[in-house]
Amino acid sequence: MKNPDNAGGWRLLGIAHAENDDDQQTGDDDLRAIGAMMRAQEADPTNLEVLLALGVSHTNMSRLFNDAAQMSPEDANVHIVLGVLYNLSREYDKAIASFQTALNLKPHDYSLWNKLGATQANSVQSADAIMAYQKALDLKPNYVRAWESAMLTRGMYEESIRYYVRALAMNPKEDNVLQYLRISLSCSYRNDMIEACDSGNLDILQKEFPL
């Protein structure tokens with residue numbers, strides 16, 4: 001591609017790959033089609049034809065790898081690709097299930113634990129995400145990507161603590177808020193504040209987490 005910013009050129013290349021009728025190359029061409037369409041979308045995020053083509057390509061690939069997963073259920077890589085595809089289409093529950101299946105087959109794959117954590121974070125399952133990131137770090141303590149992801153997710157918890165404390169100040173008998181506050185304190189490693197939470201000591205909590 002002479003002009004990498006030419007959305008139309010990338011779209012046409014993607015269509016060419018998608019319409020290739022060579023059965024033996026179907027999977028490779030679908031991957032190339034998705035790659036080309038994603039480059040087109042980067043060049044022109046508002047191009048409706050590109051967005052539609054991306055949706056069709058992802059659907060075709062998902063079907064292809066779902067079939068592959070049924071034929072080769074012990075192939076972890078197939079489930080990983082499915083997880084990535086479901087992530088791209090924002091079907092996070094399906095992506096999580098695919099990564100969990102892959103982890104049953106490859107439990108010591110630190111990068112796969114990180115993928116699971118990132119997907120759970122996108123699905124607003126922050127507590128589960130932190131546990132997945134921690135598993136990745138247990139397997140590879142110097143895994144920078146997992147450290148960055150874990151700190152970002154913990155940062156979300158730390159911010160939420162302030163709002164939970166404010167909500168409790170307005171309604172101290174709200175048990176659900178107390179439960180969420182306790183989870184957030186634990187996930188952000190503020191165990192020093194757990195006792196204050198359990199005893200409902202708002203003076204200490206408000207002093208530590210002002211809003």
Side-chain angles (χ1 to χ4, degrees), residues 27-28 30-39 41-42 45 51 54-55 57-164 179-191 194:
D28 291 342
D30 280 337
L31 284 172
R32 293 190 185 101
I34 290 175
M37 288 298 179
M38 290 184 72
R39 290 296 299 271
Q41 200 264 337
E42 289 175 4
L51 293 173
L54 265 174
S57 294
H58 283 310
T59 299
N60 290 340
M61 285 298 291
S62 294
R63 288 174 182 168
L64 178 69
F65 278 92
N66 264 311
D67 291 342
Q70 292 177 10
M71 291 185 292
S72 304
E74 301 302 313
D75 189 338
N77 291 328
V78 171
H79 297 291
I80 292 171
V81 172
L82 262 178
V84 171
L85 289 171
Y86 284 135
N87 247 317
L88 291 171
S89 58
R90 298 184 181 181
E91 297 176 85
Y92 297 126
D93 288 344
K94 291 181 179 179
I96 289 169
S98 294
F99 288 142
Q100 288 174 333
T101 299
L103 279 165
N104 288 334
L105 300 167
K106 299 177 67 176
H108 302 298
D109 186 331
Y110 62 87
S111 65
L112 185 49
W113 280 106
N114 188 68
K115 287 183 177 67
L116 174 62
T119 307
Q120 289 168 327
N122 286 333
S123 187
V124 200
Q125 299 178 31
S126 301
D128 291 336
I130 287 179
M131 287 190 286
Y133 292 139
Q134 187 59 58
K135 184 65 177 179
L137 292 169
D138 289 343
L139 292 167
K140 187 178 181 180
N142 62 344
Y143 189 27
V144 175
R145 183 173 296 180
W147 276 113
E148 291 174 345
S149 299
M151 292 305 296
L152 177 62
T153 305
R154 286 170 190 151
M156 293 166 55
Y157 272 114
E158 290 170 0
E159 185 65 22
S160 70
I161 288 172
R162 302 179 189 278
Y163 291 95
Y164 291 143
Q179 182 180 357
Y180 293 141
L181 174 59
R182 199 180 199 287
I183 292 172
S184 294
L185 287 168
S186 178
C187 289
S188 57
Y189 296 101
R190 290 305 308 268
N191 294 328
I194 294 291

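Computed from a predicted structure; not experimentally measured. Counting begins at 1 with the first residue of the sequence.
- Using a distance-only test at 3.5 Å, with no hydrogens or angles considered, a donor-acceptor pair links the side chain of S98 to the main chain of K94.
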Using the rule given for side chain to side chain contact (heavy atoms under 4.5 Å, CB included), can you reason through L103 versus L116, listing the C-alpha separation, both sets of side-chain angles and the distance that settles it, and then say yes or no? CA-CA 9 Å; L103 279 165; L116 174 62; 3.6 Å; yes
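- Between R182 atom CZ and I194 atom CD1 the span is 4.5 Å, to the nearest 0.5 Å.
- Rounded to the nearest 0.5 angstrom, I130 CD1 and Q134 CD are separated by 9.5 Å.
- Note that OG1 of T101 and CZ of F99 are 11.0 Å apart. Values are rounded to the nearest 0.5 Å.
- Across all non-hydrogen atoms, the minimal contact from A132 to Q120 is CB-OE1, 3.6 Å.
- Side-chain atoms of W113 come within 3.5 Å of backbone N or O of P107 as a donor-acceptor pair.
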Could you go step by step and tell me if K106 and N77 meet the side chain to side chain contact (heavy atoms under 4.5 Å, CB included) rule? CA-CA 9 Å; K106 299 177 67 176; N77 291 328; 3.9 Å; yes
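- Contact between S184 and Y164 at its shortest, heavy atoms only, is OG-CE1, 3.3 Å.
- Rounding to the nearest 0.5 angstrom, the gap separating the NE2 atom in H108 from the CG atom in L139 is 7.5 Å.
- Residues passing the ring pair (Phe, Tyr, Trp, His ring centres under 6.0 Å) test with Y92, sequence neighbours excluded: none.
- Closest non-hydrogen pair, N114 versus A136, comes out as N-CB, 4.1 Å.
- Put simply, CD on E91 and CD1 on I96 are 12.0 Å apart, with the number rounded to the nearest 0.5 Å.
- N87 and A95 make their closest contact through N-CB, 3.9 Å (heavy atoms, listed as atom of the first residue, atom of the second, distance).
- A donor atom on one side chain and an acceptor atom on the other are not found under 3.5 Å apart for N104 and Q100.
- What you find for A102 and I80 is that their closest heavy atoms are CB-CG1, 3.7 Å.
- Minimum interatomic distance between G117 and A129 (heavy atoms only, all atoms of both residues): O-CB, 3.3 Å.
- The side-chain heavy atoms of L185 and I161, taken from C-beta on, include a pair separated by under 4.5 Å.
- Contact of the D93 side chain with the Q125 side chain is registered, since non-hydrogen atoms from C-beta on lie closer than 4.5 Å.
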